[in-house]
Amino acid sequence: MKTLIVVAGPTASGKTAFSIEIAKALGTVILSADSRQFYKEMRIGIAAPTMEELSQAKHYFVHHISIEDKYDVADYERDAMRLLDELFKTHDTVIMTGGSGLFIDAVCHGIDFMPDVWPEIRGKVQQLFEEGGLKALQDEVQHLDPGYFDIVDQQNPRRLQRALEVCYQTGQPFSAFRKGIAVERSFHIKKYALLWDRQALIKRIDKRVDMMIEQGLLEEAKALYPKRHLNALNTVGYKELFAYFEGQCTLKEAIAQIKTHTRQYAKRQMTWLRKNTAYQWVTLDEAQKVAVTLQPSIPQQQESH
RNA sequence: GGUACCGUAGCUCAGUAGGUAGAGCAGAGGACUGAAAAUCCUCGUGUCACUGGUUCGAUUCCGGUCGGUACCA
């Protein structure tokens, strides 16, 4: 049976380098599951694999779309599953690595089908929020999908907006589409998460941010500044520099903010990974040892979902 | 040297017409099925600089000390 090896972990934990190492050892390829490395216009600020790293192992889903494109988890799941079907014809093992937990989960156990939402409908929901605030969204969801209203995070406009978009688009309650049933994949999945001591990870993050600045993050961000309203650019490392360009803070403050926000992002990633008990947490040293023993026929680990 | 203002949570500050205090940020924990590096939730006892005095009671009023800032010399 085929195996997908997932290498997850917080930002700056060394996923890229480690993945390349095992990809080389197993003679296989890497699927990126990083919602920002998808974009071809972004490099330095998202710590995308370098040219040299890309040349050491074949990577998929790195710089494959534009920040102008609409691309969501469902698109990613579809593309990744299609690709895995192909890859498993010639490979026993494939590696998936990245920090976007939702995207990894979509590939590992699927995501419910829901119809696409037209831009006009999204605009209409956005308008409702802008004019009526959170209250308007809450009232509308309570009215159109009371069952979902009971379980959503009612303070989170994003969740409410999403539900309304689907309601308006389909004329059915959002919850009618939320089956929440994990699909069985036809391949084994082995999940690893890179474990770091908090202080050590913070040091790595700070160092990496300083390096990004040295490598020209300012120039990259400056070039992207005109497109700052695109969602892809609502990203740590860019939004703080945009604020600096607009005179809202000094460069020094912007850099400090990038470090802080990156730490907070790492924390959120760990929260996400921790609740999924299928992950085996390993330090980089332990990961090296595990890599040596990896065989394509490792039995599947129990999923917690 | 003189005058004025300030000294309150890790940081920036608010406040108490005298009954021991609260926001933002940071930090910690968490949520999250199509914006996910996004979005959202929960968590605040700190010699209220120090020291005398007035008072039943002072972080709050008065004096002094120390530290900081500004202006005048």
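Values below: every heavy atom of this structure, side chains too, minus hydrogens, waters and symmetry copies. Residue numbers start from 1 in every chain, and the chains themselves are labelled A, B, ... in the order their sequence lines are given, proteins ahead of strands.
- Across all strands shown, B/C40 forms a Watson-Crick or G-U wobble pair with B/G30, both key distances being under 3.5 Å.
- Remark: A/Lys70 is not in phosphate contact with B/A35, judged by side-chain N or O atoms under 4.0 Å from OP1 or OP2.
- Atom NZ of A/Lys259 and atom C1' of B/C25 are 18 Å apart (whole Å).
- At the heavy-atom level, A/Arg274 lies under 4.0 Å from the strands shown only through sugar-phosphate atoms.
- The minimum heavy-atom distance linking A/Ile46 with A/Tyr238 is given by the pair N-OH, 3.8 Å.
- Between B/G27 and A/Gln264, a contact under 4.0 Å exists linking OP1 or OP2 to a side-chain N or O.
- Atom C1' of B/C61 sits at a distance of 16 Å from the matching atom of B/C48, rounded to the whole Å.
- For the pair A/His261 NE2 and B/A26 P, the computed distance is 6 Å after rounding to whole Å.
- Across all strands, A/Phe113 comes closer than 4.0 Å to base atoms (heavy-atom distances).
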> Given the rule in the salt bridge (Lys or Arg N to Asp or Glu O under 4.0 Å) test, do A/Arg78 and A/Asp75 qualify, once you have shown the distances and angles that lead to the verdict?
Replying inline: CA-CA 5 Å; A/Arg78 179 201 60 223; A/Asp75 295 316; 3.2 Å; yes
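- In this structure, A/Thr260 reaches the sugar-phosphate backbone alone: every heavy-atom distance under 4.0 Å involves primed, P, OP1 or OP2 atoms, never a base.
- Closest approach to the A/Trp272 side chain among B/G30, B/U33, B/U39 is made by B/U33 (side chain taken as heavy atoms from C-beta onward).
- Note on A/Arg268: a side-chain N or O is less than 4.0 Å away from OP1 or OP2 of B/A38.
- No side-chain donor-acceptor contact under 3.5 Å links A/Gln138 and A/Gln142.
- Among the atoms of the strands shown, base atoms are found under 4.0 Å from some heavy atom of A/Gly45.
- A 3.5 Å limit on both hydrogen-bonding distances identifies B/C72 as the Watson-Crick or G-U partner of B/G1.
- B/G64 sits 38 Å from B/G24 when the P atoms are compared, rounded to a whole Å.
- Across all their heavy atoms, A/Phe38 and A/Ser32 have their closest contact at CE2-O, 4.0 Å.
- In textbook terms, a nucleotide whose glycosidic angle is within 90° of 0 is syn, while B/G52, being further out, is anti.
- Taking atom CD of A/Gln257 as the reference point, atom P of B/G27 lies 10 Å away to the nearest angstrom.
- Of all nucleotides present, none satisfies the Watson-Crick or G-U wobble test against B/U47 with each distance under 3.5 Å.
- For the C1' atoms, the distance linking B/A36 with B/A9 amounts to 33 Å, nearest Å.
- Of all heavy-atom pairs spanning A/Asp112 and A/Ile181, the tightest one is OD1-N, 4.2 Å.
- Look at A/Asn231 and you'll find a side-chain N or O under 4.0 angstrom from OP1 or OP2 of B/A36.
- Partner of A/Tyr168 under the side chain to side chain donor-acceptor pair (under 3.5 Å) criterion, chosen from A/Glu140, A/Arg122, A/Glu120: A/Glu140.
- With a cut-off of 3.5 Å on both Watson-Crick or G-U wobble distances, the partner of B/U55 is given as none.
- For B/U16, there is no paired base (Watson-Crick or G-U wobble, both distances below 3.5 Å).
- If you check every strand for non-hydrogen atoms under 4.0 Å, A/Gln126 touches a base.
- At the phosphate of B/U39, OP1 or OP2 sits under 4.0 Å from a side-chain N or O atom of A/Asn234.
- The residue among A/Asp116 and A/Gly237 whose nearest nucleotide of RNA chain B is located toward the 5' end is A/Asp116.
- No contact: A/Leu160 has no heavy atom under 4.0 Å from any strand.
- Here the P atom of nucleotide B/U39 and the CG atom of A/Leu102 are 15 Å apart, to the nearest Å.
- Looking at the side chain of A/Thr271, the nearest of the listed nucleotides B/C32, B/G34, B/A38 is B/C32.
- Atoms CD1 (A/Ile151) and P (B/C41) sit 18 Å apart, rounded to a whole Å.
- With rounding to whole Å, A/Arg263 atom CZ is found 9 Å from B/G27 atom C1'.
- For A/Lys275, the side-chain atoms get nearest to B/A31 when compared with the rest of B/A28, B/A31, B/C40.
- Looking at A/Arg36, its side chain does come within 3.5 Å of a backbone N or O of A/Ala232 through a donor-acceptor pair.
- Remark: the separation of the C1' atoms in B/G44 and B/C66 is 30 Å, to the nearest Å.
- Look at the P atom in both B/C72 and B/G46: the space between them is 43 Å, to the nearest Å.
- Interface remark: the A/Lys267 side chain does form a donor-acceptor pair with the B/G29 base, using a distance-only criterion of under 3.5 Å.
- Backbone-only engagement by A/Ser100 is indicated by non-hydrogen atom pairs under 4.0 Å involving sugar-phosphate atoms exclusively.
- Residue A/Arg158 places none of its side-chain N or O atoms closer than 4.0 Å to OP1 or OP2 of B/G34.
- In this structure, A/Gln269 atom CD and B/A36 atom C1' are separated by 10 Å, rounded to whole Å.
- For B/G24, the paired base is B/C11 (Watson-Crick or G-U wobble, both distances below 3.5 Å).
- A gap of 14 Å separates the C1' atoms of B/U39 and B/U33, to the nearest Å.
- For B/U12 and B/U8, the P atoms lie 8 Å apart once the distance is rounded to whole Å.
- Using a 3.5 Å distance cut-off with no hydrogens or angles, the side chains of A/Glu240 and A/Tyr244 do not pair a donor with an acceptor.
- Between the CD atom of A/Gln138 and the P atom of B/C41 there is a distance of 11 Å, given to the nearest Å.
- Each of A/Ile111 and A/Lys239 was matched to the nucleotide of RNA chain B holding its nearest heavy atom; the match closer to the 5' end belongs to A/Ile111.
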>> Using side-chain hydrogen bond (donor to acceptor under 3.5 Å, both in side chains), reason through A/Thr262 and A/Arg208 one step at a time and then give a plain yes or no.
In response: CA-CA 10 Å; A/Thr262 304; A/Arg208 194 175 72 172; over 6 Å; no
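- The same atom, P, is picked in B/A23 and in B/C41; the two are 15 Å apart, to the nearest Å.
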